[in-house]
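Working notes, beginning with the structure itself.
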4 protein chains.
Amino acid sequence: MSQPRFQRRKEDRPQEITAAALAAFAKNGYAATRVDDVAKRAGVSKGLLYLYFKTKEELFKSVVRSFVIPRIDTLIRSIETSDMSSEEFLRGPFLEFARKMPGSPISVIVRLMVAEGPKHPDLVQFYWDNVVSRGLGAIDELLRRGVQRGEFRQCAISEQPALFVMPVVFAVIFKLIFGRQSIDTERLIETQIDLLITHLQGPAT
Amino acid sequence: MSQPRFQRRKEDRPQEITAAALAAFAKNGYAATRVDDVAKRAGVSKGLLYLYFKTKEELFKSVVRSFVIPRIDTLIRSIETSDMSSEEFLRGPFLEFARKMPGSPISVIVRLMVAEGPKHPDLVQFYWDNVVSRGLGAIDELLRRGVQRGEFRQCAISEQPALFVMPVVFAVIFKLIFGRQSIDTERLIETQIDLLITHLQGPAT
Amino acid sequence: MSQPRFQRRKEDRPQEITAAALAAFAKNGYAATRVDDVAKRAGVSKGLLYLYFKTKEELFKSVVRSFVIPRIDTLIRSIETSDMSSEEFLRGPFLEFARKMPGSPISVIVRLMVAEGPKHPDLVQFYWDNVVSRGLGAIDELLRRGVQRGEFRQCAISEQPALFVMPVVFAVIFKLIFGRQSIDTERLIETQIDLLITHLQGPAT
Amino acid sequence: MSQPRFQRRKEDRPQEITAAALAAFAKNGYAATRVDDVAKRAGVSKGLLYLYFKTKEELFKSVVRSFVIPRIDTLIRSIETSDMSSEEFLRGPFLEFARKMPGSPISVIVRLMVAEGPKHPDLVQFYWDNVVSRGLGAIDELLRRGVQRGEFRQCAISEQPALFVMPVVFAVIFKLIFGRQSIDTERLIETQIDLLITHLQGPAT
DNA sequence: AATGAATGAGTATTCATTCAT
DNA sequence: CATGAATGAATACTCATTCAT
């Protein structure tokens with residue numbers, strides 16, 4: 001009776017631990033998080049944690065890897081498979097994605113990258129290759145497609161996908177530092193995207 | 001040999017120490033920086049450091065205070081005293097300021113705020129009050145002035161000074177995490193500011 | 001070589017550590033005792049010591065608690081259960097107890113109380129409640145019983161049990177400060193107790 | 001005008017410093033007292049303090065020496081020069097002396113001896129030679145005189161002057177540890193001295 | 001596989017002592 | 001003489017990591 005439950009448990013362990021680690025890192029940052037706490041959060045002994053992750057650093061890298069990739073994959077796939085117009089996509093799914101960012105687990109990872117990046121060059125590289133580069137690439141693809149289809153004109157904006165990512169990163173940072181009592185980041189994101197699209201569409205002739 | 005072991009230079013010490021601390025924090029982050037290292041960098045004994053700063057935390061706060069305020073003060077004063085048109089100011093002094101940001105000491109402090117903010121709420125508050133709030137206020141004032149003078153039209157953009165700050169923060173973060181091999185942040189800043197101004201000036205009739 | 005580096009002996013550790021701490025405190029006093037030394041004496045790592053005692057101070061308190069209480073309990077119980085006459089008890093078990101005091105672990109604790117008391121008011125209170133008050137109370141009870149039984153007359157002496165404790169404390173202090181080459185404290189204790197009993201029994205009619 | 005005042009000042013410096021040190025030691029004990037504090041209390045710079053006392057330890061020894069000797073000298077001289085009967089002296093000047101002890105500066109020195117004695121054998125020796133030995137000797141002399149004059153009978157008590165010192169030391173210790181809320185030490189001292197004298201005078205034949 | 005007792009290197013902080021002024 | 005800035009050795013405490021059970 002109890003067997004199958006334990007069986008299943010074993011499979012999930014690593015994920016449960018990285019989830020606990022993410023929560024712990026989110027609360028206290030990497031350096032101030034004790035491995036003990038992560039283990040306790042995961043309902044696991046310290047020894048077992050070390051069975052899955054050789055060091056605290058490896059655990060950290062695992063956290064970054066396992067929580068960001070799926071998110072970015074989803075975005076990219078939706079761009080690739082979508083049959084919306086570029087504008088529709090930007091005002092629809094992309095805006096939705098952008099709005100959810102601040103406050104999501106990924107935002108925590110931004111904090112970790114900012115804080116710990118300099119000490120983990122390989123992780124930075126990984127993050128660049130798998131998250132930033134691919135994310136920017138996807139938006140670039142979206143813009144390129146818009147230009148091809150005649151929706152957008154080709155200009156400085158259509159060549160800098162970072163302009164679309166910018167407000168998201170900014171909002172994430174703001175939320176992280178100042179919490180919710182700061183500025184209206186949602187409106188900021190909307191305004192920026194609207195501004196960009198308006199410009200890409202050019203003066204209505 | 002030539003250097004006496006004791007040197008009395010009461011006046012200069014605090015600044016030398018905060019400068020050294022900034023450099024150390026910049027390299028390793030707050031938690032990973034050893035007080036010993038800061039002292040060594042400053043060419044000072046650990047004991048003396050503790051004579052001026054009661055704790056590592058206080059040293060950290062001092063660093064934030066002494067390096068950011070002057071910078072932001074300069075910007076604000078130049079806005080207040082400038083007799084340029086708003087556009088001229090944005091394309092001139094402000095753009096210059098924005099370009100210098102990534103790689104400057106302030107950029108390091110952004111990293112510290114992101115990483116350590118959650119553990120130093122009073123510092124975050126201080127930063128908000130003295131840096132962010134005043135900085136945004138100054139730009140707001142500049143935009144308002146532009147509207148009053150008829151240079152700009154009143155719209156969503158003229159009400160969100162953060163749109164101007166956004167690319168700077170974004171560039172800072174990018175440089176911090178990915179170094180120089182990432183994206184062309186200068187061009188990004190320019191494009192964004194140009195975009196905003198163009199929009200504020202409305203369709204050329 | 002023969003000793004494994006890790007030994008799991010959870011049960012015994014706290015006692016071993018407090019014993020080592022008592023010895024160390026006895027030798028150097030509280031302030032001058034390094035936690036490192038206590039750990040070494042106990043054949044234990046510093047980390048483990050801190051697993052059982054959160055701070056050096058808590059270790060100190062534990063020492064006081066665990067070495068004095070049993071001693072005083074024994075005395076009190078023997079008073080309560082004894083069926084000797086009061087005189088017999090005082091000249092027998094009590095005198096024995098008094099003689100053993102100087103040089104025993106408790107004597108060291110007196111030193112700690114004198115030296116560290118002012119900085120640990122709660123510990124002083126604890127010591128008063130659990131040791132001094134109860135000890136004096138027990139002797140008071142013994143004297144009261146003697147009066148009731150007609151062995152002793154009621155007088156200033158029968159009301160001040162401290163007169164019996166006095167020579168013990170004095171002897172302890174003397175031994176602590178001056179070692180054995182000072183005065184004959186055993187004889188002092190005997191003389192005092194004899195003197196008190198003689199007086200309590202009144203003039204032989 | 002100001003010259004003579006400074007002149008005088010210089011002479012008194014060491015005493016002012018030892019007085020300040022006594023006060024500081026009294027409050028916090030030897031180990032916990034910072035040289036800085038002593039200097040501040042004495043209204044003197046740290047450097048000057050070190051001009052008079054080579055080390056903290058030497059300062060400590062100076063404190064012990066300079067505050068106890070005068071006290072004990074006074075007692076001894078009054079014994080030597082007194083023309084009272086031994087009983088009168090014991091019930092008069094000696095009792096007065098004994099009563100004043102707890103709470104006086106000397107009581108603090110007892111604490112210091114108990115706490116720091118083990119680490120300063122030479123100081124203990126000094127204390128024994130100059131204070132304890134001479135003090136006990138003086139009382140011994142007083143008792144011997146009483147026996148010679150036929151006031152007292154020769155017995156175990158007349159040979160153990162410590163019996164007279166005992167309640168004083170005990171009272172001092174008690175006050176030091178438990179403050180004033182403990183037991184009536186004055187009455188204890190009186191009772192003990194009365195008891196001893198009564199016994200020395202023997203049964204009224 | 002799982003536990004948590006045990007380890008020890010690493011770090012912030014204090015304070016007696018020195019010495020340039 | 002007098003100052004107090006400057007030094008650095010000493011020490012309590014933490015926490016990633018190991019390993020007996």
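Computation of the quantities below employed the complete heavy-atom set of this structure, encompassing side-chain atoms and omitting hydrogens, waters and symmetry-equivalent molecules. The sequence lines fix the lettering, A, B, ..., with proteins before strands; numbering per chain opens at 1.
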Side chains of residues 25-32 of chain D: which donor-acceptor partners sit under 3.5 Å, not counting sequence neighbours?
| unit_1 | atom_1 | unit_2 | atom_2 | d |
| --- | --- | --- | --- | --- |
| D:Tyr30 | OH | D:Glu57 | N | 3.4 |

Mind listing the side-chain donor-acceptor pairs of residues 37-48 of chain B below 3.5 Å, one per line with the distance, residues two or more places apart or on another chain?
| unit_1 | atom_1 | unit_2 | atom_2 | d |
| --- | --- | --- | --- | --- |
| B:Asp37 | OD2 | B:Arg34 | NH2 | 3.2 |
| B:Ser45 | OG | B:Leu48 | N | 3.3 |

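With rounding to whole Å, D:Tyr52 atom OH is found 18 Å from E:dT17 atom P. If you take CG of D:Leu59 and C1' of E:dA16, they are 12 Å apart, rounded to a whole angstrom. The separation between B:Leu48 atom CG and E:dT18 atom P is 18 Å, rounded to whole Å. Atom pair D:Lys46:NZ and F:dT7:P shows a separation of 13 Å (rounding to whole Å applied). Spacing between atom CD of A:Glu16 and atom P of E:dA2 amounts to 11 Å, rounded to whole angstrom units. Summarising the geometry, the separation between CG on A:Leu51 and P on F:dT18 is reported as 12 Å, rounded to the nearest angstrom. When the P atom of E:dA1 is taken as reference, atom CD1 of A:Ile17 falls 12 Å away, rounded to whole Å. Distance, D:Phe60 CZ to E:dT17 P: 14 Å, rounded to whole Å.
Judged by closest nucleotide on DNA chain E, A:Leu49 is the one of A:Leu49 and B:Glu57 placed further toward the 5' end. Between B:Ser45 and A:Lys56, the residue anchored nearer the 5' end of DNA chain F, judged by the nucleotide with its closest heavy atom, is B:Ser45.
C:Asp12 meets the side-chain hydrogen bond (donor to acceptor under 3.5 Å, both in side chains) test with no other residue; sequence neighbours excluded. Applying the ring-ring contact (aromatic ring centres under 6.0 Å, His included) criterion to C:Phe67, with sequence neighbours excluded, gives no partner residue.
For the pair C:Arg111 and D:Val114, the tightest heavy-atom approach, listed with the atom from each and the gap, is NE-O, 3.2 Å. Minimum interatomic distance between C:Tyr52 and C:Arg13 (heavy atoms only, all atoms of both residues): CE1-CB, 3.4 Å. In terms of heavy-atom proximity, C:Ala115 sits nearest to C:Pro118 at O-CD, 4.0 Å. Here the closest non-hydrogen pair linking C:Phe53 and C:Pro14 is CZ-O, 4.0 Å. Closest of all the heavy-atom pairs between C:Glu116 and C:Phe60 is CB-CZ, 3.9 Å. Across B:Ile69 and B:Arg65, no two heavy atoms sit closer than the pair CG1-O, 3.1 Å.
For the pair C:Arg13 and E:dA5, the criterion of a side-chain N or O lying under 4.0 Å from OP1 or OP2 is not met. The shortest distance between the side-chain N/O atoms of B:Tyr50 and the OP1/OP2 oxygens of F:dT7 is not below 4.0 Å.
Ranking F:dT17, E:dT17, E:dT13 by closeness to the A:Thr55 side chain, first place goes to F:dT17. When distances run from any side-chain atom of C:Val44 to the nucleotides E:dA16, E:dT7, E:dT3, the shortest one goes to E:dT7.
Axis angle between the ends of the helix from E:dA2-F:dT21 to E:dT21-F:dA2, five pairs each and rounded to 10 degrees, works out to 0°.
In this structure, A:Phe53 reaches neither bases nor backbone, as no heavy-atom distance under 4.0 Å exists between it and the strands shown.
Residues from residues 21-42 of chain C with heavy atoms under 4.0 angstrom of DNA chain F, sorted by number: C:Thr33, C:Arg34, C:Val35.
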